[in-house]
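Okay, structure first, notes after.
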There are 2 protein chains.
Amino acid sequence: MVAPPLRARVRAGMIDEIKAVARRHLATDGANLSLRAVARDMGMVSSAIYRYFPSRDDLLTALILEAYDALGDAVEAADAAFDRGDLRGRWHAACRAARAWALAHPAEYALLYGSPVPGYAAPEDTVAPAARPPLTLVGILRDGLAAGRLSPPEDALPEPLRADMAELGVLLSVDLPPALLARGMAGWTQLFGLISFELFGRLNGVLPHRDEYFDHQTALMADLVGLP
Amino acid sequence: MVAPPLRARVRAGMIDEIKAVARRHLATDGANLSLRAVARDMGMVSSAIYRYFPSRDDLLTALILEAYDALGDAVEAADAAFDRGDLRGRWHAACRAARAWALAHPAEYALLYGSPVPGYAAPEDTVAPAARPPLTLVGILRDGLAAGRLSPPEDALPEPLRADMAELGVLLSVDLPPALLARGMAGWTQLFGLISFELFGRLNGVLPHRDEYFDHQTALMADLVGLP
DNA sequence: CATTGTCAAGAGCAGTGCTCTCGATTTGAA
DNA sequence: TTCAAATCGAGAGCACTGCTCTTGACAATG
(Lines give C-alpha, C1' and ligand atoms only; values in the text may rest on other atoms or scores of the structure.)
Protein backbone atom coordinates (compact mmCIF):
# COMPACT_ATOMS: atom_id res chain seq x y z
CA MET A 1 0.00 0.00 0.00
CA VAL A 2 1.74 3.12 -1.19
CA ALA A 3 0.87 6.53 0.14
CA PRO A 4 -1.31 8.54 -2.19
CA PRO A 5 0.71 10.88 -4.35
CA LEU A 6 1.36 14.33 -3.01
CA ARG A 7 -0.75 15.96 -5.64
CA ALA A 8 -3.81 13.97 -4.63
CA ARG A 9 -3.29 14.84 -0.99
CA VAL A 10 -3.03 18.57 -1.47
CA ARG A 11 -6.02 18.29 -3.73
CA ALA A 12 -8.04 16.59 -1.00
CA GLY A 13 -6.86 19.25 1.41
CA MET A 14 -7.98 21.97 -0.97
CA ILE A 15 -11.40 20.41 -1.30
CA ASP A 16 -11.73 20.25 2.46
CA GLU A 17 -10.62 23.84 2.87
CA ILE A 18 -13.05 25.06 0.24
CA LYS A 19 -15.86 23.26 1.99
CA ALA A 20 -14.82 24.70 5.34
CA VAL A 21 -14.69 28.25 4.01
CA ALA A 22 -17.99 27.74 2.20
CA ARG A 23 -19.59 26.46 5.40
CA ARG A 24 -18.37 29.56 7.19
CA HIS A 25 -19.85 31.78 4.52
CA LEU A 26 -23.07 29.82 4.70
CA ALA A 27 -23.33 30.53 8.41
CA THR A 28 -22.92 34.27 7.98
CA ASP A 29 -24.43 35.10 4.61
CA GLY A 30 -27.16 32.50 4.42
CA ALA A 31 -28.01 30.23 1.56
CA ASN A 32 -26.88 32.49 -1.29
CA LEU A 33 -23.34 31.20 -1.29
CA SER A 34 -20.95 33.15 -3.49
CA LEU A 35 -18.17 31.21 -5.16
CA ARG A 36 -16.21 34.40 -5.71
CA ALA A 37 -16.36 35.28 -2.04
CA VAL A 38 -15.12 31.82 -1.10
CA ALA A 39 -12.29 32.13 -3.59
CA ARG A 40 -11.46 35.59 -2.26
CA ASP A 41 -11.24 34.25 1.27
CA MET A 42 -8.81 31.62 0.09
CA GLY A 43 -6.64 34.08 -1.78
CA MET A 44 -7.55 32.47 -5.06
CA VAL A 45 -9.25 33.53 -8.21
CA SER A 46 -12.85 32.44 -8.69
CA SER A 47 -12.11 30.28 -11.69
CA ALA A 48 -9.69 28.18 -9.66
CA ILE A 49 -12.58 26.85 -7.59
CA TYR A 50 -13.87 25.10 -10.69
CA ARG A 51 -10.81 22.86 -10.62
CA TYR A 52 -12.32 21.25 -7.52
CA PHE A 53 -16.05 21.64 -7.94
CA PRO A 54 -17.53 21.62 -11.44
CA SER A 55 -20.27 24.03 -10.38
CA ARG A 56 -21.73 25.88 -7.45
CA ASP A 57 -24.45 23.28 -7.14
CA ASP A 58 -21.87 20.54 -6.73
CA LEU A 59 -20.28 22.43 -3.87
CA LEU A 60 -23.69 22.88 -2.32
CA THR A 61 -24.38 19.18 -2.75
CA ALA A 62 -21.17 18.32 -0.92
CA LEU A 63 -22.15 20.61 1.93
CA ILE A 64 -25.63 19.12 2.01
CA LEU A 65 -24.25 15.60 2.21
CA GLU A 66 -21.95 16.52 5.08
CA ALA A 67 -24.79 18.29 6.86
CA TYR A 68 -27.07 15.27 6.56
CA ASP A 69 -24.36 13.11 8.01
CA ALA A 70 -23.65 15.51 10.86
CA LEU A 71 -27.32 15.67 11.76
CA GLY A 72 -27.66 11.90 11.46
CA ASP A 73 -24.63 11.38 13.67
CA ALA A 74 -25.97 13.73 16.33
CA VAL A 75 -29.41 12.13 16.42
CA GLU A 76 -28.14 8.56 16.40
CA ALA A 77 -25.53 9.28 19.06
CA ALA A 78 -28.13 10.84 21.33
CA ASP A 79 -30.38 7.86 20.87
CA ALA A 80 -27.56 5.38 21.45
CA ALA A 81 -26.55 7.05 24.73
CA PHE A 82 -29.72 5.81 26.43
CA ASP A 83 -30.63 2.38 27.66
CA ARG A 84 -32.43 0.47 24.90
CA GLY A 85 -35.40 -0.05 27.14
CA ASP A 86 -35.82 3.63 28.02
CA LEU A 87 -38.02 4.36 25.05
CA ARG A 88 -39.18 7.75 26.18
CA GLY A 89 -35.69 8.83 27.11
CA ARG A 90 -34.44 7.83 23.69
CA TRP A 91 -37.30 9.64 21.96
CA HIS A 92 -36.67 12.87 23.77
CA ALA A 93 -32.93 12.61 23.36
CA ALA A 94 -33.21 12.10 19.60
CA CYS A 95 -35.62 15.01 19.23
CA ARG A 96 -33.51 17.28 21.39
CA ALA A 97 -30.37 16.37 19.48
CA ALA A 98 -32.00 17.26 16.18
CA ARG A 99 -33.13 20.61 17.53
CA ALA A 100 -29.76 21.34 19.12
CA TRP A 101 -27.94 20.59 15.89
CA ALA A 102 -30.35 22.79 13.94
CA LEU A 103 -29.95 25.68 16.36
CA ALA A 104 -26.18 25.34 16.16
CA HIS A 105 -26.18 25.17 12.36
CA PRO A 106 -29.18 27.17 11.20
CA ALA A 107 -27.95 27.84 7.68
CA GLU A 108 -27.15 24.20 7.07
CA TYR A 109 -30.52 23.17 8.46
CA ALA A 110 -32.19 25.62 6.10
CA LEU A 111 -30.18 24.09 3.28
CA LEU A 112 -31.53 20.65 4.15
CA TYR A 113 -35.11 21.41 5.12
CA GLY A 114 -35.87 24.85 3.71
CA SER A 115 -37.49 25.66 0.43
CA PRO A 116 -35.79 23.77 -2.39
CA VAL A 117 -33.63 25.81 -4.76
CA PRO A 118 -35.55 26.11 -8.05
CA GLY A 119 -32.97 24.73 -10.45
CA TYR A 120 -31.43 22.37 -7.96
CA ALA A 121 -32.38 18.69 -7.78
CA ALA A 122 -31.17 16.62 -4.85
CA PRO A 123 -28.93 13.81 -6.09
CA GLU A 124 -29.84 10.20 -5.40
CA ASP A 125 -27.14 9.68 -2.79
CA THR A 126 -28.74 12.14 -0.39
CA VAL A 127 -31.81 10.02 0.33
CA ALA A 128 -29.98 7.49 2.53
CA PRO A 129 -28.35 10.02 4.90
CA ALA A 130 -31.55 12.07 4.84
CA ALA A 131 -33.47 9.10 6.17
CA ARG A 132 -31.35 8.64 9.27
CA PRO A 133 -33.27 10.91 11.68
CA PRO A 134 -36.70 9.48 10.90
CA LEU A 135 -35.17 6.01 10.95
CA THR A 136 -33.92 6.65 14.46
CA LEU A 137 -37.41 7.59 15.58
CA VAL A 138 -39.13 4.58 14.06
CA GLY A 139 -36.29 2.43 15.41
CA ILE A 140 -37.43 3.35 18.89
CA LEU A 141 -40.92 2.21 17.97
CA ARG A 142 -39.56 -1.04 16.57
CA ASP A 143 -37.65 -1.77 19.75
CA GLY A 144 -40.67 -0.99 21.88
CA LEU A 145 -42.84 -3.25 19.80
CA ALA A 146 -40.30 -6.08 19.93
CA ALA A 147 -40.06 -5.75 23.70
CA GLY A 148 -43.81 -5.87 24.04
CA ARG A 149 -43.81 -2.51 25.80
CA LEU A 150 -45.69 -0.76 23.03
CA SER A 151 -48.99 -1.82 21.58
CA PRO A 152 -49.74 -0.84 17.98
CA PRO A 153 -52.64 1.55 17.50
CA GLU A 154 -55.88 0.30 16.08
CA ASP A 155 -56.34 3.09 13.56
CA ALA A 156 -58.40 2.15 10.54
CA LEU A 157 -56.28 2.95 7.51
CA PRO A 158 -57.83 3.07 4.05
CA GLU A 159 -56.44 0.34 1.87
CA PRO A 160 -54.19 2.44 -0.41
CA LEU A 161 -52.63 4.12 2.61
CA ARG A 162 -52.10 0.76 4.31
CA ALA A 163 -50.27 -0.47 1.21
CA ASP A 164 -48.18 2.71 1.02
CA MET A 165 -47.17 2.34 4.64
CA ALA A 166 -46.26 -1.29 4.16
CA GLU A 167 -44.10 -0.33 1.20
CA LEU A 168 -42.48 2.44 3.21
CA GLY A 169 -41.70 -0.11 5.92
CA VAL A 170 -39.94 -2.30 3.39
CA LEU A 171 -38.02 0.69 2.07
CA LEU A 172 -36.88 1.64 5.57
CA SER A 173 -36.21 -2.01 6.44
CA VAL A 174 -38.32 -1.70 9.54
CA ASP A 175 -41.18 -4.08 10.15
CA LEU A 176 -43.96 -2.08 11.77
CA PRO A 177 -47.74 -2.26 11.58
CA PRO A 178 -48.83 0.36 9.04
CA ALA A 179 -50.85 2.30 11.58
CA LEU A 180 -47.87 2.54 13.93
CA LEU A 181 -45.55 3.58 11.14
CA ALA A 182 -48.03 6.28 10.17
CA ARG A 183 -47.94 7.62 13.72
CA GLY A 184 -44.17 7.49 13.65
CA MET A 185 -44.21 9.60 10.51
CA ALA A 186 -46.47 12.02 12.34
CA GLY A 187 -43.84 12.32 15.03
CA TRP A 188 -41.12 12.97 12.49
CA THR A 189 -43.25 15.53 10.69
CA GLN A 190 -43.95 17.27 13.96
CA LEU A 191 -40.27 17.34 14.89
CA PHE A 192 -39.44 18.97 11.58
CA GLY A 193 -42.28 21.45 11.98
CA LEU A 194 -41.25 22.40 15.50
CA ILE A 195 -37.65 23.05 14.54
CA SER A 196 -38.57 24.90 11.37
CA PHE A 197 -41.05 27.16 13.11
CA GLU A 198 -38.49 28.08 15.72
CA LEU A 199 -35.60 28.48 13.33
CA PHE A 200 -37.46 30.33 10.61
CA GLY A 201 -38.61 32.96 13.06
CA ARG A 202 -42.25 32.01 13.27
CA LEU A 203 -42.05 31.92 17.07
CA ASN A 204 -40.39 35.32 17.32
CA GLY A 205 -42.04 37.43 19.95
CA VAL A 206 -44.08 34.58 21.40
CA LEU A 207 -43.23 31.52 23.48
CA PRO A 208 -39.97 32.73 24.98
CA HIS A 209 -39.43 29.43 26.84
CA ARG A 210 -38.45 27.44 23.81
CA ASP A 211 -36.96 24.46 25.62
CA GLU A 212 -40.07 23.81 27.65
CA TYR A 213 -42.31 24.27 24.62
CA PHE A 214 -40.25 21.87 22.56
CA ASP A 215 -40.14 19.22 25.28
CA HIS A 216 -43.84 19.45 25.83
CA GLN A 217 -44.67 19.12 22.15
CA THR A 218 -42.35 16.16 21.66
CA ALA A 219 -43.90 14.58 24.75
CA LEU A 220 -47.30 14.95 23.12
CA MET A 221 -46.00 13.12 20.08
CA ALA A 222 -44.44 10.45 22.30
CA ASP A 223 -47.92 9.90 23.68
CA LEU A 224 -49.35 9.79 20.20
CA VAL A 225 -47.01 7.06 19.03
CA GLY A 226 -47.79 5.12 22.20
CA LEU A 227 -44.56 5.28 24.15
CA PRO A 228 -45.15 4.15 27.76
CA MET B 1 -66.44 62.36 -3.26
CA VAL B 2 -64.49 62.99 -6.41
CA ALA B 3 -63.03 60.19 -8.45
CA PRO B 4 -59.33 59.62 -7.84
CA PRO B 5 -57.27 61.47 -10.40
CA LEU B 6 -56.41 59.63 -13.54
CA ARG B 7 -52.76 59.58 -12.71
CA ALA B 8 -53.33 57.70 -9.43
CA ARG B 9 -55.53 55.18 -11.17
CA VAL B 10 -53.08 54.26 -13.89
CA ARG B 11 -50.44 54.08 -11.22
CA ALA B 12 -52.50 51.61 -9.22
CA GLY B 13 -53.04 49.62 -12.38
CA MET B 14 -49.33 49.51 -13.01
CA ILE B 15 -48.66 48.27 -9.50
CA ASP B 16 -51.22 45.54 -9.95
CA GLU B 17 -49.79 44.52 -13.29
CA ILE B 18 -46.26 44.37 -11.92
CA LYS B 19 -47.43 42.18 -9.08
CA ALA B 20 -49.30 39.92 -11.48
CA VAL B 21 -46.29 39.50 -13.75
CA ALA B 22 -44.04 38.97 -10.75
CA ARG B 23 -46.37 36.30 -9.43
CA ARG B 24 -46.21 34.57 -12.79
CA HIS B 25 -42.43 34.65 -12.73
CA LEU B 26 -42.47 33.38 -9.18
CA ALA B 27 -44.49 30.35 -10.24
CA THR B 28 -42.10 29.40 -13.02
CA ASP B 29 -38.67 30.50 -11.85
CA GLY B 30 -39.02 30.04 -8.12
CA ALA B 31 -38.10 32.45 -5.39
CA ASN B 32 -35.21 34.17 -7.19
CA LEU B 33 -37.40 36.81 -8.74
CA SER B 34 -35.68 39.01 -11.30
CA LEU B 35 -36.81 42.61 -11.53
CA ARG B 36 -35.28 42.92 -14.96
CA ALA B 37 -37.20 39.92 -16.22
CA VAL B 38 -40.45 41.37 -14.90
CA ALA B 39 -39.67 44.67 -16.57
CA ARG B 40 -38.83 42.88 -19.81
CA ASP B 41 -42.17 41.08 -19.74
CA MET B 42 -43.93 44.41 -19.37
CA GLY B 43 -42.00 46.04 -22.20
CA MET B 44 -40.33 48.38 -19.78
CA VAL B 45 -36.83 49.11 -18.70
CA SER B 46 -35.73 47.75 -15.35
CA SER B 47 -35.25 51.12 -13.74
CA ALA B 48 -38.88 52.01 -14.40
CA ILE B 49 -39.98 49.38 -11.88
CA TYR B 50 -38.38 51.43 -9.15
CA ARG B 51 -40.98 54.13 -9.71
CA TYR B 52 -43.51 51.73 -8.20
CA PHE B 53 -41.49 49.61 -5.80
CA PRO B 54 -38.48 51.13 -4.05
CA SER B 55 -36.65 47.80 -4.04
CA ARG B 56 -36.97 44.16 -4.89
CA ASP B 57 -37.69 43.32 -1.27
CA ASP B 58 -40.65 45.67 -1.25
CA LEU B 59 -42.11 43.92 -4.25
CA LEU B 60 -41.56 40.60 -2.51
CA THR B 61 -43.23 41.94 0.61
CA ALA B 62 -46.26 42.97 -1.40
CA LEU B 63 -46.46 39.49 -2.90
CA ILE B 64 -46.04 37.91 0.53
CA LEU B 65 -48.85 39.99 1.97
CA GLU B 66 -51.17 39.03 -0.85
CA ALA B 67 -50.21 35.38 -0.47
CA TYR B 68 -50.92 35.42 3.26
CA ASP B 69 -54.29 36.92 2.58
CA ALA B 70 -55.09 34.43 -0.16
CA LEU B 71 -54.18 31.52 2.10
CA GLY B 72 -56.11 33.02 4.99
CA ASP B 73 -59.15 33.54 2.79
CA ALA B 74 -59.04 29.95 1.55
CA VAL B 75 -58.72 28.46 5.02
CA GLU B 76 -61.36 30.66 6.60
CA ALA B 77 -63.79 30.12 3.75
CA ALA B 78 -63.39 26.35 4.00
CA ASP B 79 -64.00 26.51 7.72
CA ALA B 80 -67.00 28.79 7.37
CA ALA B 81 -68.65 26.48 4.85
CA PHE B 82 -69.32 23.88 7.53
CA ASP B 83 -71.89 23.84 10.28
CA ARG B 84 -70.44 25.45 13.40
CA GLY B 85 -71.11 22.30 15.38
CA ASP B 86 -69.35 19.98 12.95
CA LEU B 87 -65.97 20.43 14.58
CA ARG B 88 -64.24 17.58 12.80
CA GLY B 89 -65.64 18.62 9.46
CA ARG B 90 -64.36 22.14 9.99
CA TRP B 91 -60.95 20.87 11.07
CA HIS B 92 -60.52 18.70 8.03
CA ALA B 93 -61.84 21.36 5.69
CA ALA B 94 -59.45 23.98 7.01
CA CYS B 95 -56.48 21.63 6.75
CA ARG B 96 -57.43 20.50 3.27
CA ALA B 97 -57.90 24.08 2.13
CA ALA B 98 -54.43 25.03 3.32
CA ARG B 99 -52.92 22.06 1.52
CA ALA B 100 -54.90 22.71 -1.64
CA TRP B 101 -53.83 26.33 -1.73
CA ALA B 102 -50.21 25.35 -1.18
CA LEU B 103 -50.29 22.77 -3.94
CA ALA B 104 -51.85 25.31 -6.28
CA HIS B 105 -49.32 28.02 -5.38
CA PRO B 106 -46.12 26.19 -4.45
CA ALA B 107 -43.78 29.10 -5.04
CA GLU B 108 -45.86 31.48 -2.97
CA TYR B 109 -46.12 28.89 -0.20
CA ALA B 110 -42.34 28.53 -0.23
CA LEU B 111 -42.11 32.29 0.01
CA LEU B 112 -44.25 32.25 3.13
CA TYR B 113 -43.06 29.13 4.89
CA GLY B 114 -39.71 28.26 3.35
CA SER B 115 -36.31 29.23 4.58
CA PRO B 116 -36.15 32.95 5.28
CA VAL B 117 -34.15 35.08 2.87
CA PRO B 118 -30.94 36.10 4.65
CA GLY B 119 -31.10 39.84 4.28
CA TYR B 120 -34.87 40.02 4.35
CA ALA B 121 -36.83 40.75 7.52
CA ALA B 122 -40.59 40.32 7.47
CA PRO B 123 -42.31 43.64 8.14
CA GLU B 124 -44.58 44.02 11.14
CA ASP B 125 -47.77 44.05 9.08
CA THR B 126 -47.31 40.45 7.98
CA VAL B 127 -47.90 38.95 11.41
CA ALA B 128 -51.64 39.56 11.46
CA PRO B 129 -52.42 37.91 8.09
CA ALA B 130 -49.89 35.18 8.92
CA ALA B 131 -51.83 34.29 12.03
CA ARG B 132 -55.10 33.63 10.23
CA PRO B 133 -54.67 29.90 9.49
CA PRO B 134 -53.61 28.94 13.04
CA LEU B 135 -56.36 31.22 14.37
CA THR B 136 -58.88 29.29 12.32
CA LEU B 137 -57.71 26.03 13.88
CA VAL B 138 -57.81 27.25 17.46
CA GLY B 139 -61.15 28.89 16.71
CA ILE B 140 -62.56 25.43 16.13
CA LEU B 141 -61.24 24.42 19.53
CA ARG B 142 -62.76 27.51 21.12
CA ASP B 143 -66.17 26.74 19.64
CA GLY B 144 -65.96 23.14 20.77
CA LEU B 145 -65.04 24.17 24.25
CA ALA B 146 -67.83 26.73 24.41
CA ALA B 147 -70.35 24.16 23.24
CA GLY B 148 -69.16 21.71 25.85
CA ARG B 149 -68.38 19.16 23.17
CA LEU B 150 -64.64 19.23 23.83
CA SER B 151 -62.98 18.65 27.15
CA PRO B 152 -59.62 20.30 27.75
CA PRO B 153 -56.69 17.93 28.19
CA GLU B 154 -55.19 17.45 31.62
CA ASP B 155 -51.57 17.80 30.53
CA ALA B 156 -49.24 19.01 33.23
CA LEU B 157 -47.50 22.08 31.84
CA PRO B 158 -44.43 23.48 33.53
CA GLU B 159 -45.10 26.91 34.90
CA PRO B 160 -43.14 29.02 32.37
CA LEU B 161 -44.83 27.22 29.50
CA ARG B 162 -48.24 27.68 31.09
CA ALA B 163 -47.55 31.40 31.32
CA ASP B 164 -46.33 31.53 27.72
CA MET B 165 -49.46 29.79 26.53
CA ALA B 166 -51.67 32.13 28.52
CA GLU B 167 -49.90 35.07 26.95
CA LEU B 168 -50.26 33.56 23.50
CA GLY B 169 -53.96 33.17 24.17
CA VAL B 170 -54.23 36.86 24.96
CA LEU B 171 -52.27 37.73 21.85
CA LEU B 172 -54.57 35.63 19.68
CA SER B 173 -57.62 36.90 21.54
CA VAL B 174 -58.79 33.37 22.14
CA ASP B 175 -59.50 32.15 25.65
CA LEU B 176 -58.33 28.58 25.85
CA PRO B 177 -56.83 26.50 28.64
CA PRO B 178 -53.05 26.57 28.14
CA ALA B 179 -52.85 22.81 27.67
CA LEU B 180 -55.50 22.90 24.96
CA LEU B 181 -53.85 25.81 23.19
CA ALA B 182 -50.57 23.89 23.25
CA ARG B 183 -52.27 20.97 21.54
CA GLY B 184 -53.77 23.33 19.02
CA MET B 185 -50.32 24.64 18.24
CA ALA B 186 -49.23 21.04 17.76
CA GLY B 187 -51.96 20.64 15.17
CA TRP B 188 -50.88 23.79 13.37
CA THR B 189 -47.24 22.72 13.43
CA GLN B 190 -48.19 19.33 12.07
CA LEU B 191 -50.23 20.89 9.27
CA PHE B 192 -47.28 23.03 8.25
CA GLY B 193 -44.95 20.03 8.42
CA LEU B 194 -47.23 17.84 6.33
CA ILE B 195 -47.60 20.42 3.58
CA SER B 196 -43.91 21.32 3.59
CA PHE B 197 -42.77 17.71 3.40
CA GLU B 198 -45.03 17.09 0.45
CA LEU B 199 -44.29 20.33 -1.34
CA PHE B 200 -40.55 20.34 -0.78
CA GLY B 201 -40.20 16.90 -2.29
CA ARG B 202 -39.50 14.95 0.85
CA LEU B 203 -42.25 12.47 -0.01
CA ASN B 204 -41.03 11.95 -3.56
CA GLY B 205 -40.92 8.28 -4.42
CA VAL B 206 -42.87 7.20 -1.36
CA LEU B 207 -46.48 7.48 -0.25
CA PRO B 208 -48.07 7.95 -3.66
CA HIS B 209 -51.55 8.30 -2.13
CA ARG B 210 -51.04 11.79 -0.79
CA ASP B 211 -54.69 12.62 -0.15
CA GLU B 212 -55.26 9.60 2.05
CA TYR B 213 -52.01 10.16 3.89
CA PHE B 214 -52.83 13.79 4.56
CA ASP B 215 -56.35 13.05 5.74
CA HIS B 216 -55.13 10.33 8.04
CA GLN B 217 -52.47 12.51 9.62
CA THR B 218 -54.83 15.43 10.14
CA ALA B 219 -57.32 13.00 11.67
CA LEU B 220 -54.63 11.93 14.12
CA MET B 221 -54.13 15.54 15.10
CA ALA B 222 -57.88 16.03 15.40
CA ASP B 223 -57.82 13.20 17.91
CA LEU B 224 -54.89 14.80 19.70
CA VAL B 225 -56.66 18.10 20.19
CA GLY B 226 -59.70 16.22 21.43
CA LEU B 227 -62.23 16.75 18.67
CA PRO B 228 -65.17 14.36 19.10
C1' DC C 1 -49.60 79.91 -19.96
C1' DA C 2 -46.18 78.44 -16.75
C1' DT C 3 -44.74 75.57 -13.05
C1' DT C 4 -44.48 71.45 -10.67
C1' DG C 5 -44.38 66.63 -10.16
C1' DT C 6 -44.27 62.14 -12.38
C1' DC C 7 -42.79 59.09 -15.75
C1' DA C 8 -39.77 55.86 -18.94
C1' DA C 9 -35.38 55.46 -20.74
C1' DG C 10 -30.50 54.98 -20.76
C1' DA C 11 -25.85 54.72 -18.91
C1' DG C 12 -23.24 53.01 -15.46
C1' DC C 13 -21.50 50.50 -11.01
C1' DA C 14 -20.49 46.49 -8.42
C1' DG C 15 -21.54 42.06 -8.01
C1' DT C 16 -22.70 37.03 -9.68
C1' DG C 17 -21.83 31.99 -12.11
C1' DC C 18 -19.30 30.25 -15.59
C1' DT C 19 -16.03 29.41 -19.81
C1' DC C 20 -11.88 29.73 -22.13
C1' DT C 21 -7.01 30.38 -22.78
C1' DC C 22 -2.35 30.77 -21.23
C1' DG C 23 1.74 29.87 -18.89
C1' DA C 24 3.84 27.30 -14.79
C1' DT C 25 4.34 23.24 -12.18
C1' DT C 26 4.05 18.45 -10.97
C1' DT C 27 3.62 13.69 -12.29
C1' DG C 28 4.75 9.08 -14.07
C1' DA C 29 6.75 6.47 -17.55
C1' DA C 30 10.38 5.82 -21.16
C1' DT D 1 17.28 11.45 -16.44
C1' DT D 2 14.38 13.13 -19.86
C1' DC D 3 10.02 14.32 -21.67
C1' DA D 4 5.28 14.24 -22.69
C1' DA D 5 0.95 14.41 -20.20
C1' DA D 6 -1.79 15.96 -16.67
C1' DT D 7 -2.95 19.42 -13.42
C1' DC D 8 -2.91 23.81 -11.57
C1' DG D 9 -3.72 29.14 -10.71
C1' DA D 10 -4.41 33.38 -13.02
C1' DG D 11 -6.72 36.41 -16.02
C1' DA D 12 -9.97 38.02 -19.47
C1' DG D 13 -14.43 37.91 -20.86
C1' DC D 14 -19.70 36.89 -21.32
C1' DA D 15 -24.30 37.39 -19.80
C1' DC D 16 -26.78 38.31 -15.97
C1' DT D 17 -28.33 40.61 -11.50
C1' DG D 18 -30.07 44.81 -8.14
C1' DC D 19 -29.66 49.44 -7.93
C1' DT D 20 -28.47 54.66 -8.71
C1' DC D 21 -28.34 58.75 -11.26
C1' DT D 22 -29.38 61.81 -15.01
C1' DT D 23 -32.07 63.30 -18.94
C1' DG D 24 -35.91 64.53 -21.56
C1' DA D 25 -40.98 64.04 -22.29
C1' DC D 26 -45.52 64.35 -20.49
C1' DA D 27 -49.60 65.56 -17.61
C1' DA D 28 -51.82 67.90 -13.78
C1' DT D 29 -52.30 72.06 -11.18
C1' DG D 30 -52.36 77.17 -10.10
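Proteins come first, then strands; the chains are lettered A, B, ... in the order of their sequence lines, and each starts at number 1. Note that these values count all heavy atoms, side chains included, but never hydrogens, waters or copies made by symmetry.
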Less than 3.5 Å apart, which donor and acceptor atoms pair up between the side chains of residues 187-207 of chain B and the rest of the protein, not counting sequence neighbours?
| residue | atom | partner | partner atom | Å |
| --- | --- | --- | --- | --- |
| B:Thr189 | OG1 | B:Met185 | O | 2.7 |
| B:Gln190 | OE1 | A:Gln190 | N | 3.3 |
| B:Gln190 | NE2 | A:Ala186 | O | 3.4 |
| B:Ser196 | OG | B:Tyr109 | OH | 3.0 |
| B:Ser196 | OG | B:Phe192 | O | 2.9 |
| B:Glu198 | OE1 | B:Arg99 | NE | 2.8 |
| B:Glu198 | OE2 | B:Arg99 | NH2 | 3.1 |
| B:Arg202 | NH1 | A:Tyr68 | OH | 3.0 |
| B:Arg202 | NH2 | A:Tyr68 | OH | 3.3 |
| B:Arg202 | NH2 | A:Leu112 | O | 2.6 |

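- Here C:dC7 presents its C1' atom at 13 Å from CD1 of B:Ile49, a figure rounded to the nearest Å.
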Worksheet item: Tell me, for nucleotides 12-21 of chain C in 5' to 3' order, what letter each nucleotide earns: B for a base near a protein heavy atom under 4.0 Å, S for only sugar-phosphate near one, - for neither?
Response: B---BBBBBB

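- Rounded to an integer number of Å, the gap from B:Asp58 CG to D:dT20 P is 11 Å.
- When rounded to the nearest whole Å, the span between OH of B:Tyr52 and C1' of C:dA8 equals 8 Å.
- Remark: C1' of D:dG9 and CE of A:Met14 are 8 Å apart, rounded to the nearest angstrom.
- As rounded to whole Å, 16 Å separates atom P of C:dA8 from atom CG of B:Asp41.
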Under 3.5 Å, which donor-acceptor pairs do the side chains of residues 43-55 of chain B form with other protein atoms, sequence neighbours left out?
| residue | atom | partner | partner atom | Å |
| --- | --- | --- | --- | --- |
| B:Ser55 | OG | B:Asp57 | N | 3.3 |
| B:Ser55 | OG | B:Asp58 | N | 3.3 |
| B:Ser55 | OG | B:Asp58 | OD1 | 2.6 |

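- The CD1-P distance, from B:Ile18 to C:dC7, rounds to 10 Å in whole Å.
- Residue pairs meeting the salt bridge (Lys or Arg N to Asp or Glu O under 4.0 Å) criterion with at least one partner in residues 123-135 of chain A, sequence neighbours excluded, are A:Asp69-A:Arg132, A:Asp73-A:Arg132, A:Glu76-A:Arg132.
- As rounded to whole Å, 9 Å separates atom P of D:dG9 from atom CZ of A:Arg11.
- Taking the side chain to side chain donor-acceptor pair (under 3.5 Å) definition, one finds that B:Arg183 meets it with B:Asp155, sequence neighbours left out.
- A:Arg40 is linked by a salt bridge (Lys or Arg N to Asp or Glu O under 4.0 Å) to nothing, counting only residues two or more places apart in sequence or in another chain.
- If you take CZ of B:Phe53 and P of D:dG18, they are 14 Å apart, rounded to a whole angstrom.
- Within 4.0 Å (heavy atoms only), A:Met42 reaches no atom of the nucleic acid at all.
- Using a 4.0 Å cut-off between a side-chain N of Lys or Arg and a carboxylate O of Asp or Glu, A:Arg96 and A:Asp211 do not qualify as a salt bridge.
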